[in-house]
Amino acid sequence: MASVLAVPLLLCLLASASAARFAPADNHLLACGATAPAVLPDGRRFVPDSGCASTRLRSPAPTLPSAASSAAPQPTPLHAAARVFSCRASYDLAVRRRGYHVLRLHFYPFEPALASARFHVGAAGFLLLHNFSASAPVVKEFILPVHSDVLVLTFVPESGSNAFVNAIELVSAPDELVGDIGTLVTSSGTDQNNGLSSQVYEMLYRINVAGRKVTPFNDTLWRTWVNDERFLVSTESSNSGVWSFGGRIAYPKGSRLMTREVAPDNVYNSARSVSSQGKVTWGFPVPASSRYLVRMHFCDIVSKALNELYFDIYVNGQLAVKDFDISGATGFLAYPYYIDFVVDVEDEVALKLAIGGSKNSRSDEVSGILNAVEIMRMNKTNGGIDGDFAVSLGMEYVASKGIGEFARSLLCGFIFAGLLLVLLMLVVRLRTELRNNGTTWSWQPNDSGDGKLARAYQLVSAKTDY
């Protein structure tokens, strides 16, 4: 009898867990160049990019689907085919819900011609990749705002080369994923940095500190988190430790700032600690001359009471937070929390993060902890992430602004053209009647009218995204 009751209970639990998963309004999953859908181990189904109702592929020249050799095993079904472009080409992806989206581009060069391809990639008015080459398998992930009903994703090959892509993901991001305020860390101190919610981000690192790799199967936004071991720069076993937590991570009820979409339970169930006399440092290779958003995740899974941990946080060698108290910020134990730091990296080849112990801690064994880290490169002021380059991606105005907006603009244009034609016909008729009546008539252009009229109906090229 107990086993009979257990089955419906298990089904209810599975149903509730399934219902709790994030359901994005936009969820484009494209297997580029494929002839059949590709299903991943996490259950997602990628459909071929040809014949998809919500996607349109545009190019002045034919695009070539390319398939990998059946003899060579592929890591996933997404790597068995690719779409190859010999000239500029664009995908028009329909957008139901405007706002931030997660864009992932899969590149798997299964033949030498793809490994040597060099090209540019742009989307939503931003140059995402410049002179890019995928000599090894890589997934490029971006978080970008979308303000139109169509997102145009454009590929432009370098002269004499091709462009390619194996798969495309475009997923609506929850509002709480991107905050607007961060802490700017400089050599002269810290300051508040506003406007983060209007930026574009390239995800470089997503780290599960002291924990195992988290795959898309265990993340509601299908992210991958890797272990921090290879990024450790300096740590002493006597001054640091590794912790795991088997209890329940408690997210604030009704919170719009902290949910499982920000980070899953798996990254908060583990942590690396530092003693009151110690310091643990991580180093992450990053491109120089760029600005970065560093998100450090904390969750007090080691304390037995509130206000036991106090520690210092260092960003790129600078003291960012003094005597940070996790439970003081959350008011509870095992509650997740994160801090966004903004830092400029000029000449360094590695971005360094560290936590250091504090004498204010009530325990000599554990003074502070770190659970997870995310490092994102921010866009330049002129719209480029991968550098300040003048690359024209040639997007059409129709797709960049949306079909509805273009139709309204076209209708207004027809109305103005019609009024202008009527005005011209009246002037011609008036001149003809005056000439037939023997009256001399002439039109002297005045500064107050001629120039303004000409400018009012001048065709001005609209600013396009690319």
List in chain and number order the residues that pass ring-ring contact (aromatic ring centres under 6.0 Å, His included) with H79, two or more places apart in sequence or in another chain; answer none if no residue qualifies.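 Listed in chain order: Y108.
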
Between CD on residue Q192 and OG1 on residue T190, distance to nearest 0.5 Å: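 Here the interatomic distance stands at 10.5 Å.
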
About how many Å separate NE2 of H106 and CG of L30, when rounded to the nearest 0.5 Å?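 Between L30 CG and H106 NE2, I get 10.5 Å after rounding to 0.5 Å.
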
So, [X] versus [Y]: side-chain donor-acceptor pair below 3.5 Å or not?
{"X": "E308", "Y": "S363", "result": "no"}
{"X": "S327", "Y": "D325", "result": "yes"}
{"X": "S367", "Y": "S276", "result": "no"}
{"X": "S188", "Y": "T186", "result": "yes"}
{"X": "H101", "Y": "D26", "result": "yes"}
{"X": "S270", "Y": "N208", "result": "yes"}
{"X": "W222", "Y": "D42", "result": "no"}
{"X": "D228", "Y": "W282", "result": "yes"}
{"X": "N360", "Y": "D323", "result": "yes"}
{"X": "Y268", "Y": "H297", "result": "yes"}

Tell me whether the guanidinium CZ or amine NZ of K279 lies under 6.0 angstrom from the six-membered ring centre of Y314 and within 45° of its axis.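 Flagged: K279 positioned over aromatic ring of Y314.
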
Under 3.5 Å, is there a donor-acceptor pair between the side chain of R98 and the main chain of H147?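 It does hold such a pair.
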
Could you label the plane-to-plane angle of the F85 and Y91 rings as parallel, tilted or perpendicular, counting under 30° as parallel and over 60° as perpendicular?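 Because their plane-to-plane angle is over 60°, the rings of F85 and Y91 count as perpendicular.
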
Could you work out, with salt bridge (Lys or Arg N to Asp or Glu O under 4.0 Å) as the rule, every residue matching D300, not counting sequence neighbours?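 By the salt bridge (Lys or Arg N to Asp or Glu O under 4.0 Å) rule, D300 matches no residue at all.
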
Excluding sequence neighbours, so at least two apart, what forms salt bridge (Lys or Arg N to Asp or Glu O under 4.0 Å) with R291?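 Salt bridge (Lys or Arg N to Asp or Glu O under 4.0 Å) list for R291, sorted by chain: D344.
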
Apply the test ring pair (Phe, Tyr, Trp, His ring centres under 6.0 Å) to residues Y205 and F284: give CA-CA distance (whole Å), side-chain angles for both, the deciding distance (0.1 Å), then the verdict. CA-CA 8 Å; Y205 297 100; F284 303 91; 5.3 Å; yes

